[in-house]
Participant: 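Attaching a single structure in structure tokens format; questions to follow.
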Amino acid sequence: MRPSDVVITGVGLVTSLGATAAETAGAWLDRRTASIAALPELAGTPLESAPAALLPEFDAAGRLGGRRMIKYMSQGALLGCMAAREALAMSRASERFLPERIGIFAGNGLAAANVTEVRDIIERSIDETGNFSDRLFGERGIATANPLLSFKILANMPPCLVSIIEGIKGPNVIYTPWEGHTAAAMLDGMNAVACGLVDCALVGGADTPSNPATYAFLRSTGLIGADDFPAAGAGYIVIEKAETAASSGTKILARLDTIEMSASTRPASDPLSSRLGRTYAASPAILMGIHALAGGDVPPLTGADGQDVRISLTYPEAR
Amino acid sequence: MRRVAITGFGVVSPVGTGKAGFWASLKDGVSGIGRITRFDAETFSVRLAGEVKDSPHLPPDVDAFARRDPKVGFAFAAFAEAVGQAGISRLDSRTLLHIGTSLETYDLRLVVRDGRADFGAAAGFDPGTEDGPVQIPLDKAARLIEGRYGRPGRSLTNCSACAAGAQAIGHGFQAVRSGLFETAVCGGFDSMINPLGVGGFQLLGALSVEEGHGPLSCRPFDAGRTGAVLGEGAAVFVLEPLEKALAEGKDILAEVVGYGSSLDAYSLSAPDPDGSGAERAMRAALADAGLSPADISHINTHGTGTQLNDEVEATAIRRVFDGHWERIPVAATKSVTGHLIAASGAVETGACLLPLLFGHLPPNPALERVARGCELHHVTESDRMFNGRYALTNSFGFGGQNAALVLGRVD
């Protein structure tokens with residue numbers, strides 16, 4: 001490899017196939033598929049038998065070093081923070097680079113608040129005619145709301161929580177809400193490393209399309225096919241130049257050759273979907289992460305935003 | 001690398017729809033802040049906002065969405081004005097579309113079925129009805145633009161909260177400067193003047209509940225400031241290589257010369273009290289522009305009117321512009337527009353064009369007594385003139401995202 005090549009030195013994944021990158025890649029190689037089940041929140045509705053992927057059990061507090069920040073997190077933020085921590089630990093990036101020289105280039109999925117929490121707020125705001133009332137919302141609904149609700153629904157919060165927890169202070173972008181947006185963020189990160197804007201970039205994203213409200217939206221708009229099932233997930237990848245990895249003796253998982261994007265007229269197609277579920281904004285990072293660990297050509301992806309995404313990796317010979 | 005010119009600008013704001021009205025109001029310090037009319041806010045403790053008064057004229061398909069999600073209409077109208085000025089009628093593969101916004105519109109009314117919240121039933125709506133889906137994704141505005149103007153080479157929707165608009169412009173600037181794209185159409189749009197938006201910010205305690213100063217209730221850097229006031233709107237810019245724009249005889253409004261972004265890595269809701277994140281963004285923008293602090297002649301502050309934000313920003317500015325800040329006139333245009341959240345960075349970039357193009361500095365009419373710690377060269381009078389070359393604008397977002405842009409006058 002040339003010193004200026006952009007390489008992958010860390011992968012963090014939380015998916016329906018595994019709570020870590022190693023578990024996910026292992027399950028992928030073993031050709032396992034996600035466990036699926038209907039969402040209890042949608043019982044008694046037209047979607048009561050629609051399946052969604054289940055996440056494996058994980059110890060979030062243990063992985064994130066305590067519960068203090070977890071109360072601020074949506075599920076997407078929680079998954080993203082766990083994936084980011086795993087990727088950074090694998091690459092030891094936080095030890096090797098100044099916080100100001102590490103950037104975050106991320107994608108985030110559709111906003112997905114806790115349905116139980118939102119349901120309480122809405123039901124407190126229904127008037128005697130059975131309709132939602134602005135006045136009652138101001139009078140009673142807000143009082144029911146968790147003051148932290150805003151932090152859970154603002155789309156930039158998941159990557160910002162990664163920044164806060166990991167102390168990352170460099171350049172950043174956050175795009176939303178589909179596959180092509182996350183791929184564009186990852187490409188920005190790759191370019192930022194290549195041109196020297198940052199020494200290291202944390203690229204990836206998280207999404208929670210199996211949130212009942214989000215799932216309902218996806219079904220109602222036809223953005224998820226009848227044969228597809230949604231899956232929450234997150235993937236973060238640490239990239240840097242080959243020379244910094246080599247000089248510190250950091251293991252190079254793969255060389256990131258290209259992330260190509262082009263407008264497509266094809267229907268959405270995700271090579272992970274039949275086994276792992278549709279993870280939308282998280283998918284490009286999960287796809288890259290799995291292949292960085294498991295090897296092989298990365299299959300193309302066509303997002304719900306009509307973007308074709310092609311990721312090309314080359315693996316070290318000693319692998 | 002190529003120099004990057006602004007060849008088109010469009011704006012929808014509480015002080016004017018269209019750039020002529022916007023600049024005229026800013027020049028005279030006319031406030032667009034008043035009682036909320038967009039919904040019944042009488043039972044909310046926050047009842048003031050900067051609403052867009054002159055609804056833009058929109059095509060029927062856009063208008064249908066804009067009635068449920070006003071920011072979508074603002075984005076479309078600002079886009080149309082900007083590309084119209086730049087003489088662009090279709091987007092093509094050499095064009096980047098990058099617009100920033102913050103929070104999805106989630107229509108709570110539509111979730112109520114038979115007197116209770118029912119997400120599953122709401123999903124079973126008839127797509128042919130006027131209601132449409134409960135949730136409007138943040139890329140809806142970009143999709144509507146593409147539907148009318150064609151697909152660009154890349155379409156991005158940035159969700160970096162209050163830094164989103166500035167980040168979109170900075171990213172577009174980098175893309176044109178590097179030659180990755182020939183044209184960038186970029187900016188920000190937002191409206192949180194709805195029950196969920198106002199309620200959410202009310203919960204955070206970030207908004208002013210005082211109404212005693214009426215239209216001047218947003219008081220950046222003032223000793224009596226009591227918090228931010230929400231605004232709404234959009235601003236969009238067309239960026240092209242300067243040489244190409246000159247060769248084509250296009251109007252050059254200004255050039256973008258530098259961009260920097262940073263993360264506080266401190267808190268979700270409060271800025272790093274030592275201002276180091278803001279400082280890094282400003283220094284990065286200056287370095288990117290190849291300028292020193294002495295080169296800057298005007299600063300449009302983020303200036304929200306909240307206690308901590310204003311003091312932290314003023315501290316960071318004094319540190320970056322040590323030895324110079326006493327002579328650099330600063331604006332705080334949120335005093336008249338309110339805080340347009342994701343649109344603020346773009347609208348305030350548009351505000352920087354007023355001094356760069358016409359030599360007028362926008363005043364902060366709400367500033368009566370400068371707060372301790374907020375000492376800067378504030379402009380409060382509406383007749384202050386400007387003859388400088390470079391202006392810097394700051395945008396700092398919830399979550400700790402910071403962005404700074406440097407613009408230059410083109411003679």
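Residue numbering restarts at 1 for every chain, and letters A, B, ... go by the order of the sequence lines.
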Participant: Is there a donor-acceptor contact under 3.5 Å from the side chain of A/Asp134 to the main chain of B/Pro195?
Facilitator: no
Participant: Side chain, backbone, both or neither: which part of B/Phe398 has a non-hydrogen atom closer than 4.5 Å to chain A?
Facilitator: both
Participant: Less than 4.5 Å apart, any side-chain heavy atom of B/Leu268 and any of A/Leu161?
Facilitator: yes
Participant: Select one option (side chain, backbone, both, neither) describing which atoms of B/Ser276 are under 4.5 Å from chain A's heavy atoms.
Facilitator: neither
Participant: Examine whether an atom of B/Gln167 lies under 4.5 Å from a heavy atom of chain A, and if so say whether it belongs to the side chain, the backbone or both; otherwise answer neither.
Facilitator: side chain
Participant: What is the distance from atom CG of B/Leu138 to atom CG of A/Asn108, rounded to the nearest 0.5 Å?
Facilitator: 9.5 Å
Participant: Does any non-hydrogen side-chain atom of B/Gln401 lie less than 4.5 Å from one of A/Cys160?
Facilitator: yes
Participant: Specify the closest pair of heavy atoms between B/Ser261 and A/Pro171, including all atoms of both residues, with the distance to one decimal.
Facilitator: OG-CA, 3.2 Å
Participant: Does the side chain of A/Ile142 reach to within under 4.5 Å of the side chain of B/Phe44, using non-hydrogen atoms?
Facilitator: yes
Participant: Using heavy-atom distances under 4.5 Å, tell me whether B/Arg151 contacts chain A through its side chain, its backbone, both, or neither.
Facilitator: side chain
Participant: Mind listing the closest non-hydrogen atom pair of B/Ser262 and A/Asn172 along with its distance?
Facilitator: O-ND2, 3.1 Å
Participant: Taking side chain as everything from C-beta outward and backbone as N, CA, C, O, which of these in A/Asn146 sits under 4.5 Å from a heavy atom of chain B? Side chain, backbone, both or neither.
Facilitator: backbone
Participant: Please classify the contact of B/Tyr266 with chain A as side chain, backbone, both or neither, using a heavy-atom distance under 4.5 Å.
Facilitator: backbone
Participant: Would you call B/His171 and A/Asp188 a side-chain contact if the rule is heavy atoms closer than 4.5 Å?
Facilitator: yes
Participant: Step through the shown structure and confirm whether more than 12 heavy atoms of other residues, nucleotides or ligands are within 6.0 Å of CZ on A/Arg124.
Facilitator: no
Participant: Using atom types as modelled and distance alone, determine if a side-chain donor or acceptor of B/Gln202 lies under 3.5 Å from a backbone N or O of A/Gly138.
Facilitator: no
Participant: For the pair B/Glu104 and A/Ile153, evaluate side chain to side chain contact (heavy atoms under 4.5 Å, CB included) and give the outcome as yes or no after the intermediate values.
Facilitator: CA-CA 8 Å; B/Glu104 282 168 26; A/Ile153 55 177; over 6 Å; no
Participant: With side chain to side chain contact (heavy atoms under 4.5 Å, CB included) as the criterion, how do A/Leu187 and B/Arg154 come out once you've worked through the C-alpha distance, each side chain's angles and the decisive distance to 0.1 Å?
Facilitator: CA-CA 12 Å; A/Leu187 178 57; B/Arg154 191 162 301 152; 3.5 Å; yes
Participant: Please flag which part of A/Ser150 lies under 4.5 Å from any non-hydrogen atom of chain B: side chain, backbone, both or neither.
Facilitator: side chain
Participant: Using 0.5 Å steps for rounding, measure from the CZ atom of B/Arg280 to the CD atom of A/Glu100.
Facilitator: 5.0 Å
Participant: Under 4.5 Å between any side-chain heavy atoms of B/Thr43 and A/Arg140, yes or no?
Facilitator: no
Participant: Mind checking whether A/Ser125 and B/Leu108 have side chains closer than 4.5 Å, heavy atoms only?
Facilitator: no
Participant: Do you know which of B/Leu203, B/Asp288, B/Asp114 has the most heavy-atom pairs under 4.5 Å to chain A?
Facilitator: B/Leu203
Participant: Checking B/Ser269 against chain A: side chain, backbone, both or neither under 4.5 Å from a heavy atom?
Facilitator: both
Participant: Given heavy-atom pairs under 4.5 angstrom as the criterion, report whether the side chain, backbone, both or neither of A/Ile126 touches chain B.
Facilitator: side chain
Participant: Evaluate the side chain to side chain contact (heavy atoms under 4.5 Å, CB included) criterion for residues A/Tyr175 and B/Thr157: first the C-alpha distance (whole Å), next the side-chain angles of each, then the deciding distance (0.1 Å), finally the verdict.
Facilitator: CA-CA 6 Å; A/Tyr175 301 139; B/Thr157 301; over 6 Å; no
Participant: Are the side chains of B/Leu110 and A/Phe132 in contact, using a 4.5 Å heavy-atom criterion?
Facilitator: no
Participant: Can you give me the closest heavy-atom contact between B/Ala265 and A/Ile168, atom names plus distance?
Facilitator: CB-O, 3.5 Å
Participant: Shorter than 4.5 Å, heavy atoms on both sides: which option in B/Val198, B/Thr101, B/Asn194, B/Leu103 has the most such pairs with chain A?
Facilitator: B/Leu103
Participant: For B/Leu156 and A/His181, which heavy atoms make the closest approach, and how far apart are they?
Facilitator: CA-CD2, 4.1 Å
Participant: So which heavy atom on B/Pro137 is nearest to which on A/Leu110, and how close?
Facilitator: CB-CD2, 3.7 Å
Participant: Shortest non-hydrogen contact from B/Ser267 to A/Ile164?
Facilitator: C-CD1, 3.5 Å
Participant: Should the heavy atoms of other residues, nucleotides or ligands under 6.0 Å from CZ of B/Arg94 be counted, would the total exceed 12?
Facilitator: no
Participant: B/Val112 versus A/Glu123: any side-chain heavy-atom pair under 4.5 Å?
Facilitator: no
Participant: Sort B/Leu204 into side chain, backbone, both or neither according to what part of it lies under 4.5 angstrom from a heavy atom of chain A.
Facilitator: side chain
Participant: Using heavy-atom distances under 4.5 Å, tell me whether B/Asp264 contacts chain A through its side chain, its backbone, both, or neither.
Facilitator: backbone
Participant: Would A/Ile104 and B/Leu263 satisfy side chain to side chain contact (heavy atoms under 4.5 Å, CB included), going step by step from the backbone distance to the final call?
Facilitator: CA-CA 9 Å; A/Ile104 297 181; B/Leu263 291 158; 4.0 Å; yes
